[in-house]
Amino acid sequence: ESVEILREACRWEDIAFPLTMVAATLASRQEYTAARGRYEESIAAARAAGDRWTEAFATSWLGDVHLLLGDLPAARRSQEESLELFDRPRAPVIGDFIDRSRLHNEVAWVSYLQGDAATAVTQAERAVKFGDYLLSSRAQARIASYRPQGVEHQLWWPAARHNPTEGLDE
């Protein structure tokens, strides 16, 4: 029902991210087959709009759904495709580095489950490398200076020090 409302109210290109959120909601309810379909729609809409950020995230989360459905080859393809999307040149987004590290871990896990130990080790090493990069002086300086459009004050602090903690478990 919500997807039909989106289709009526928005242009096809504008529904990519909302479709991703609908898919995430379905996945959180363990409605994996329905979530897969919505992620696939979201990816198509993101591609039509040239929105690589949404395409990368939706493709990553589609990989998670494939994994939960037991389709290891499809999970690995989606996660590797998402990594390729993050690696394409474009304006940097701080969260991309965190997600790239997470994706390397996911590809490592799926590779391990498929019996591909060499790829699992390589991907795990890449995840560690990204984690180390996030703690480097260069990355910490980027995080400290990051300002989204229209925001003039610091939102994130190096190594997550002083970031808001309300709502987090102790």
Trainee: Please examine the side chains of Glu81 and Ser60, heavy atoms only from C-beta on, and report whether any two atoms are closer than 4.5 Å.
Mentor: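 Contact flag for Ser60/Glu81 side chains = no.
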Trainee: Below 4.5 Å, heavy atoms only, C-beta onward: do Arg38 and Thr25 meet side chain to side chain?
Mentor: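 No. Closest side-chain heavy atoms not under 4.5 Å.
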Trainee: How about Tyr112: does its OH atom have over 12 heavy atoms from other parts shown lying under 6.0 Å from it?
Mentor: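 Count not over threshold, so no.
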Trainee: Would you mind reporting whether Trp109 and Leu67 have side-chain heavy atoms less than 4.5 Å apart?
Mentor: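 They are in side-chain contact.
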Trainee: Pick out which of Phe57, Trp61, Trp53 makes a ring-ring contact (aromatic ring centres under 6.0 Å, His included) with Phe17.
Mentor: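 Only match with Phe17 under ring-ring contact (aromatic ring centres under 6.0 Å, His included): Trp53.
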Trainee: As an exercise, state the distance from CG of Leu68 to OG1 of Thr33, rounded to the nearest 0.5 Å.
Mentor: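 It comes to 11.0 Å.
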Trainee: Atom CG in Leu103, atom OG in Ser78: separation rounded to 0.5 Å?
Mentor: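 One gets 10.5 Å once the value is rounded to the nearest 0.5 Å.
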Trainee: Would you check, one step at a time, whether the test side-chain hydrogen bond (donor to acceptor under 3.5 Å, both in side chains) holds for Ser82 with Thr59?
Mentor: CA-CA 6 Å; Ser82 182; Thr59 302; 5.7 Å; no
Trainee: Which pair of heavy atoms, one from Asn105 and one from Ala127, lies closest together, and at what distance?
Mentor: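 Closest heavy-atom pair between Asn105 and Ala127: OD1-CB, 3.5 Å.
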Trainee: Gln123: what forms a side chain to side chain donor-acceptor pair (under 3.5 Å) with it, not counting sequence neighbours?
Mentor: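 Gln123: side chain to side chain donor-acceptor pair (under 3.5 Å) contacts with His104.
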Trainee: With a 4.5 Å cut-off on side-chain heavy atoms, are Gln79 and Asp64 touching?
Mentor: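 With C-beta onward as the side chain, the pair touches.
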Trainee: Answer yes if Val110 and Tyr39 sit in the same cluster of Ile, Leu, Val, Met, Phe, Trp and Tyr residues linked by side chain heavy atoms under 4.5 Å apart, and no otherwise.
Mentor: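 No, Val110 and Tyr39 fall in different hydrophobic clusters.
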Trainee: Which atoms form the tightest heavy-atom contact between Ala27 and Ala35, and what is the distance?
Mentor: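 Ala27 and Ala35 have their closest heavy atoms at N-CB, 3.7 Å.
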Trainee: With rounding to the nearest 0.5 angstrom, report the OG1 to CD1 distance, Thr20 to Ile43.
Mentor: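 Reported to 0.5 Å precision, the distance equals 7.5 Å.
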Trainee: Determine whether Leu69 and Leu62 fall in the same hydrophobic cluster, where Ile, Leu, Val, Met, Phe, Trp and Tyr are linked whenever their side-chain heavy atoms lie under 4.5 Å apart.
Mentor: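 Shared cluster, yes.
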Trainee: Between Arg76 and Glu80, is there a side-chain N and carboxylate O pair less than 4.0 Å apart?
Mentor: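 The answer is yes: the pair qualifies as a salt bridge.
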Trainee: Could you check whether any side-chain heavy atom of Ser42 comes within less than 4.5 Å of a side-chain heavy atom of Met21, counting everything from C-beta outward?
Mentor: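 With C-beta onward as the side chain, the pair stays apart.
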Trainee: Picking from Leu72, Thr119, Thr122, what satisfies side-chain contact (heavy atoms from CB on, under 4.5 Å) with Ser111?
Mentor: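 Result for side-chain contact (heavy atoms from CB on, under 4.5 Å) with Ser111: Thr119.
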Trainee: Can you name the residues that form a ring pair (Phe, Tyr, Trp, His ring centres under 6.0 Å) with His66, not counting sequence neighbours?
Mentor: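 So His66 forms no ring pair (Phe, Tyr, Trp, His ring centres under 6.0 Å) with any residue.
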